[in-house]
Peer 1: 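The structure follows.
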2 protein chains.
Amino acid sequence: MTETWKEFEANEVTHSVAHHLVAIHEVGREYGGWARVSDIARWLGITRGSVSINLRNIKVRGLVIEDDHRQVKLSEQGLKIAQAIMAKKAAVKAFLRDVINVPEEQAEIDSCKVEHLISQSTGENLFRFIKFLTSDDPAARQALSQFRKFEDS
Amino acid sequence: MTETWKEFEANEVTHSVAHHLVAIHEVGREYGGWARVSDIARWLGITRGSVSINLRNIKVRGLVIEDDHRQVKLSEQGLKIAQAIMAKKAAVKAFLRDVINVPEEQAEIDSCKVEHLISQSTGENLFRFIKFLTSDDPAARQALSQFRKFEDS
DNA sequence: ATAAACTGTTTGACATATCAAACAATTTAA
DNA sequence: TTAAATTGTTTGATATGTCAAACAGTTTAT
């Protein structure tokens with residue numbers, strides 16, 4: 001039981017980096033993917049200085065590229081990571097909210113904490129599970145409605 | 001979408017502190033809860049120096065108490081936190097492994113990453129869901145077996 | 001009883017992540 | 001075209017968490 005817990009630090013990206021990537025993706029959405037430091041900072045709710053410094057690492061690691069006007073954009077690799085994270089977050093949030101009845105806001109908070117931590121394969125399993133459970137397979141529908149009753153009792 | 005993500009840092013305890021608490025609980029199990037720095041360090045796979053420093057904070061925060069021989073033990077508050085974390089971990093792991101078929105080892109890794117992050121209420125919802133789904137309610141059994149087929153196809 | 005092993009702490013270093021404040025450069029308003 | 005606002009960077013500070021190495025104290029073997 002000595003080493004597994006350290007896997008926490010052994011992620012592709014930290015929570016902070018994950019959110020910088022997602023922020024760039026969202027902020028740059030309407031500008032061909034290009035985002036400015038200020039907008040990223042505003043989106044994340046941290047200072048421009050922090051973003052500036054954090055982007056140094058993120059650039060060095062090849063997750064974003066920069067143009068002449070100091071705008072940044074996700075690299076191919078950065079985009080892949082951001083998309084994977086967003087997909088996992090969506091899966092977790094959907095599970096919490098639509099399956100086990102966690103209130104919207106709490107589902108948002110919890111899925112956000114966890115998005116960059118769960119493994120790709122676990123994310124995929126979860127996705128399939130939700131897909132099944134929210135399908136119109138009668139067994140799925142029946143189980144869900146039973147669970148709702150179970151909850152209320 | 002500006003502030004929710006920062007909740008990540010707004011946890012009762014960090015991943016590191018969470019694992020120190022659980023380590024003390026496990027290491028001290030056979031000694032009335034009392035644990036030594038060395039044993040904690042070995043259990044966690046980090047140096048004695050790190051544990052020594054980390055325990056300073058943890059003591060100040062009142063999560064552990066110390067005896068004359070420099071042994072430490074969870075305080076009432078520390079024990080509560082450790083138990084809550086262990087319960088959430090068990091729930092997540094059971095869900096991953098027994099419901100959505102994540103392999104044991106991966107379930108261990110992912111649940112370990114997540115244990116201290118999910119909220120109490122989410123943990124409880126998850127626990128009830130597993131309880132229902134692994135009960136002998138026919139709808140639950142039917143749904144699970146359908147999902148297994150769904151997985152294999 | 002002495003040598004060897006182990007214990008807990010401290011020090012100095014490093015990495016990440018944050019802030020406020022100051023700065024120069026650029027953009028926007030008037 | 002000026003004046004005001006905004007931008008991106010840097011600096012110095014703080015907090016957490018880690019390491020290796022050195023130290024003094026305690027235990028354990030022999």
Side-chain angles (χ1 to χ4, degrees), chain A residues 2-24 27-28 31 34-61 63-73 81 112-113 116-117, chain B residues 2-24 27-28 31 34-61 63-73 81 112-113 116-117:
Chain A
T2 300
E3 297 303 321
T4 311
W5 80 283
K6 292 172 112 188
E7 295 279 333
F8 187 73
E9 276 75 37
N11 295 296
E12 197 164 25
V13 292
T14 62
H15 180 71
S16 173
V17 170
H19 276 89
H20 279 71
L21 299 182
V22 172
I24 293 167
V27 164
Y31 308 97
W34 293 103
R36 298 185 316 165
V37 168
S38 282
D39 295 327
I40 299 166
R42 251 189 303 272
W43 202 87
L44 291 176
I46 62 180
T47 64
R48 302 196 303 277
S50 294
V51 172
S52 183
I53 289 166
N54 294 336
L55 282 178
R56 277 213 284 258
N57 281 313
I58 297 174
K59 278 175 212 160
V60 168
R61 290 167 58 182
L63 304 181
V64 301
I65 54 175
E66 204 178 10
D67 74 0
D68 308 341
H69 310 310
R70 297 195 285 193
Q71 304 209 106
V72 292
K73 184 180 180 175
I81 294 173
C112 186
K113 286 180 180 182
H116 69 296
L117 291 174
Chain B
T2 301
E3 297 302 322
T4 311
W5 80 281
K6 291 172 110 187
E7 295 278 335
F8 186 72
E9 275 77 34
N11 295 296
E12 196 165 25
V13 292
T14 62
H15 180 71
S16 172
V17 170
H19 276 87
H20 278 71
L21 298 182
V22 173
I24 292 167
V27 164
Y31 308 96
W34 293 102
R36 297 185 315 165
V37 169
S38 281
D39 294 326
I40 299 166
R42 250 189 303 272
W43 202 85
L44 292 174
I46 63 181
T47 64
R48 301 194 307 275
S50 295
V51 171
S52 183
I53 290 165
N54 294 335
L55 282 179
R56 277 211 286 255
N57 282 312
I58 297 173
K59 277 175 214 161
V60 169
R61 292 168 57 182
L63 304 182
V64 300
I65 55 175
E66 203 179 11
D67 73 1
D68 310 339
H69 310 311
R70 297 196 284 195
Q71 302 210 104
V72 293
K73 184 180 180 175
I81 295 173
C112 185
K113 287 181 181 181
H116 69 298
L117 292 173

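Source: prediction; values computed, not measured. Reminder, nothing fancy here: chain letters follow the sequence lines and each chain counts from 1.
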Peer 1: Rounded to whole angstrom units, what separation is found between the CD1 atom of A:Ile40 and the P atom of C:dT18?
Peer 2: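 Interatomic distance, CD1 of A:Ile40 to P of C:dT18: 13 Å.
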
Peer 1: Between atom NE2 in A:His69 and atom C1' in D:dT9, what is the gap in whole Å?
Peer 2: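 About 18 Å, once rounded to whole Å.
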
Peer 1: How long is the line joining NZ of B:Lys59 and C1' of D:dT16, in whole Å?
Peer 2: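 Taking NZ of B:Lys59 and C1' of D:dT16, I get 17 Å after rounding.
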
Peer 1: For B:His116 and B:Asn11, work out which heavy atoms get closest and say how close.
Peer 2: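 Scanning both residues, the minimum pair turns out to be O-OD1, 4.1 Å.
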
Peer 1: Please determine if a side-chain N or O atom of A:Arg42 lies less than 4.0 Å away from the OP1 or OP2 oxygen of D:dT7.
Peer 2: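 Checking A:Arg42 against D:dT7: at least one side-chain N or O falls below 4.0 Å of OP1 or OP2.
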
Peer 1: For the residue pair B:Ser52 and B:Val37, what are the closest heavy atoms and their distance?
Peer 2: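 Between these two residues, the closest heavy atoms are N-CG1, 4.3 Å.
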
Peer 1: Would A:Val17 and A:Ile58 count as a side chain to side chain contact (heavy atoms under 4.5 Å, CB included) here? Give the steps.
Peer 2: CA-CA 7 Å; A:Val17 170; A:Ile58 297 174; 4.3 Å; yes

Peer 1: Both B:Val17 and B:Gly49 contact DNA chain D. Taking the nearest nucleotide for each, which residue is further toward the 5' end?
Peer 2: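 Whichever sits nearer the 5' end wins; that is B:Val17.
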
Peer 1: A:Asn54 side chain: which of D:dT16, C:dA17, C:dT9 is closest?
Peer 2: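 Taking heavy atoms from C-beta onward, the closest nucleotide is C:dA17.
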
Peer 1: What's the closest nucleotide to the A:His20 side chain, out of C:dT18, C:dA17, C:dT9?
Peer 2: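 Output: C:dT18.
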
Peer 1: For the pair made of CG in B:Leu55 and P in D:dT16, what is the distance, rounded to whole Å?
Peer 2: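 Roughly 14 Å, once rounded to whole Å.
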
Peer 1: Strictly below 4.0 Å: does A:Arg56 bring a side-chain N or O up to OP1 or OP2 of D:dT10?
Peer 2: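 Yes, because at least one side-chain N or O of A:Arg56 sits under 4.0 Å from OP1 or OP2 of D:dT10.
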
Peer 1: May I have the step-by-step check of side chain to side chain contact (heavy atoms under 4.5 Å, CB included) for B:His20 and B:Val13, ending in yes or no?
Peer 2: CA-CA 10 Å; B:His20 278 71; B:Val13 292; over 6 Å; no

Peer 1: Do the side-chain N or O atoms of B:Ser16 get closer than 4.0 angstrom to the phosphate oxygens (OP1, OP2) of D:dT16?
Peer 2: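 No, outside the criterion.
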
Peer 1: Can you tell me which nucleotide in C:dT16, D:dG8, C:dT10 comes closest to the side chain of A:Arg36?
Peer 2: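 Closest of the options to the side chain of A:Arg36: D:dG8.
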
Peer 1: I need the CZ-C1' distance between A:Arg48 and C:dT18, as an integer number of Å.
Peer 2: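 Roughly 15 Å, once rounded to whole Å.
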
Peer 1: Starting from C1' on D:dG8, measure out to CD on A:Glu66 and report it in whole angstrom.
Peer 2: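 Atom CD in A:Glu66 sits about 10 Å away from atom C1' in D:dG8.
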
Peer 1: Please figure out whether B:Val37 or A:Thr47 has its closest DNA chain C nucleotide nearer the 5' end.
Peer 2: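 Per heavy-atom nearest nucleotide, the more 5' residue is B:Val37.
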
Peer 1: Could you work out which one of C:dC19, D:dT18, C:dA17 sits closest to the side chain of B:Ile53?
Peer 2: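 Nearest to the side chain of B:Ile53 among the choices is D:dT18.
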
Peer 1: Starting at CG of B:Asp68 and ending at C1' of C:dG8, how long is that distance when rounded to a whole Å?
Peer 2: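 One finds 16 Å between C1' of C:dG8 and CG of B:Asp68, rounded.
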
Peer 1: Which nucleotide, C:dT11, C:dT16, C:dT7, lies nearest any side-chain atom of A:Thr14?
Peer 2: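 Per side-chain heavy atoms of A:Thr14, the pick is C:dT16.
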
Peer 1: Calculate the interatomic distance between B:Ile46 atom CD1 and D:dT18 atom P; express it in whole Å.
Peer 2: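 The distance from CD1 of B:Ile46 to P of D:dT18 comes to 5 Å, rounded to the nearest Å.
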
Peer 1: Restricting to non-hydrogen atoms, name the atom on B:Trp34 and the atom on B:Ile65 that form the minimum distance, rounded to 0.1 Å.
Peer 2: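 Smallest heavy-atom distance, with atoms named: CZ3-O, 4.0 Å.
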
Peer 1: Choose from D:dT16, C:dC19, D:dG8 the nucleotide whose nearest atom is closest to any side-chain atom of A:Ser38.
Peer 2: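 Nearest listed nucleotide: D:dG8.
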
Peer 1: Choosing from C:dT16, C:dT18, D:dC19, which nucleotide comes nearest the side chain of A:Ser50?
Peer 2: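 Per side-chain heavy atoms of A:Ser50, the pick is C:dT18.
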
